[in-house]
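Data block below; observations after.
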Amino acid sequence: MPELPEVEVVRLGLERGVVGRTIREVSVGRARSIRRHLEGAGDFTSRLAGRTVLAASRRGKYLWLPLDSGEALTGHLGMSGQLLVVPADSPLQKHLHVRLEFADGGRELRFVDQRTFGGLLVVPGGDPVPPLLDHIARDPLDPQFDDEDFVARVRRRRTGIKRALLDQSLISGIGNIYADESLWRAGLHGARPTDVLTKPAVRRLLAHVRAVLGEAIAQGGTSFDALYVSTEGVSGLFERSLAVYGREDQPCPRCGAPIRREAFMNRSSFSCARCQPRPRGG
DNA sequence: AGTGACGCCTGGGAGC
DNA sequence: TGCTCCCAGGCGTCAC
């Protein structure tokens, strides 16, 4: 499940694998994967053919490749999207939807996506950020992320802290796994109301968010259900470092109390029953 | 403007 | 065995 660390690992792979290369031809096998490119497949492929990739960029969970045309090939991996850089003659993946061949005849870029929540599109801009992504907040690893502005905005919210962490217009890149891990490290239950958290508490949480994201990148991300791999097809190793996510009834690594699982936004939240007390009324 | 619910997808696993 | 149901969940859209 690609969140910021997984997407960053993919970005690094794209930087090594496709930056500086010129696209020769693009084929779209499944229109749904470019559904956000409203002009359709013909327009999509013609905007890419002959263009050179200038960089590999990321904000939160979005990726984009700025092109020499002033546009950018933008993508989101959704739940199960993969961007693979593979030899042109390698076997076709079952859920291969878009192929980009390069003029140098070397390895090609493939978009593979089982659940098809992800997708690609070509958009104007891209240096530094396509306007398409204006509504996506800076992520906490962005040097220009404004800590005190984040703290203030969180405390003005009237919601639970986990909902706030998952709100990509407030802070981007965090999904269910890293939200739960960060909250565990901070000793906060996700239902804790944002408007009564102290400034130091929010700052501490932000520090834990940064730490867990950084550690996960160093481990190549989390390949919890094997749907996430790097551009080289390699799984990440951070699953073994997860303290709470997916660990219902197992002992909390800090206190030994059983990890609890609760329904949350049509999915699950994992937390320690002792270290992360549920707020009253929550 | 902020808040929260909903729908989109597929495959693996549980249960019958 | 084979069927049905549930679950994973990021994000755009929509209602309030």
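Sequence lines set the chain letters: A, B, ... in the order given, protein chains first and strands last, and positions in each chain run from 1.
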Among A:Arg59, A:Lys61, A:Arg58, which residue meets the salt bridge (Lys or Arg N to Asp or Glu O under 4.0 Å) test with A:Asp139? A:Arg58

On the nucleotide B:dT10, are OP1 or OP2 found under 4.0 Å from the side-chain N or O atoms that A:Lys94 carries? no

What verdict does the salt bridge (charged side-chain N to carboxylate O under 4.0 Å, His left out) test give for A:Glu215 and A:Arg185, after you've listed the backbone C-alpha separation in whole Å, the side-chain angles of each residue and the deciding distance to 0.1 Å? CA-CA 13 Å; A:Glu215 291 166 30; A:Arg185 292 184 182 208; 2.8 Å; yes

Just checking, any donor-acceptor pair under 3.5 angstrom between side chains of A:Tyr62 and A:Ser172? no

A:Arg158 vs B:dG2: side-chain N/O to OP1/OP2 distance below 4.0 Å: no

For A:Glu101, run the salt bridge (Lys or Arg N to Asp or Glu O under 4.0 Å) check against A:Arg110, A:Arg21, A:Arg24 and tell me which one passes. A:Arg24

Shortest side-chain distance from A:Arg115, nucleotide among C:dG10, B:dT3, C:dA8: C:dA8

Can you tell me which nucleotide in B:dG11, B:dC8, C:dG10 comes closest to the side chain of A:Arg32? B:dC8

Expressed as a whole number of angstroms, how long is the span from A:Met79:CE to B:dG7:P? 17 Å

Which of A:Asp68, A:Asp104, A:Thr52 passes side-chain hydrogen bond (donor to acceptor under 3.5 Å, both in side chains) with A:Thr22? It is A:Thr52

side-chain N/O A:His135 vs C:dG12 OP1/OP2, d < 4.0 Å: yes

Give the rounded distance in Å between these two atoms: CG of A:Asn266 and P of C:dC7. 10 Å

Proximity to the side chain of A:Arg163 - top-ranked nucleotide from B:dG4, C:dG12, C:dG10: B:dG4

Separation of C:dC11 P from A:Glu3 CD (nearest whole Å): 9 Å

Hey, does A:Ser80 reach any base, or is it just sugar-phosphate, or nothing, if we go heavy atoms under 4.0 Å? nothing

Base, sugar-phosphate, or nothing: which does A:Arg30 touch, judged by heavy atoms less than 4.0 Å apart? sugar-phosphate

Using the closest heavy atom to pick a nucleotide of DNA chain B for each, name whichever of A:Met265 or A:Arg153 lands nearer the 5' end. A:Arg153

Could you tell me how far apart A:His76 (NE2) and B:dC8 (P) are, to the nearest whole angstrom? 19 Å

Rounded to the nearest angstrom, tell me the gap between atom CZ in A:Phe117 and atom C1' in C:dT13. 14 Å

Atom-to-atom span, CD of A:Gln168 to C1' of B:dG2 - whole angstrom: 16 Å

With the side chain of A:Arg261 defined as its heavy atoms from C-beta on, choose the nearest nucleotide among C:dC11, C:dA8, C:dG10. C:dA8

Examine B:dT3: is either OP1 or OP2 under 4.0 Å from a nitrogen or oxygen in the side chain of A:Arg157? Give yes or no. yes

CZ of A:Arg36 versus P of C:dT13: gap in Å, rounded? 7 Å

Please state how far atom CG in A:Leu132 lies from atom P in C:dT13, giving the value in whole angstrom units. 10 Å

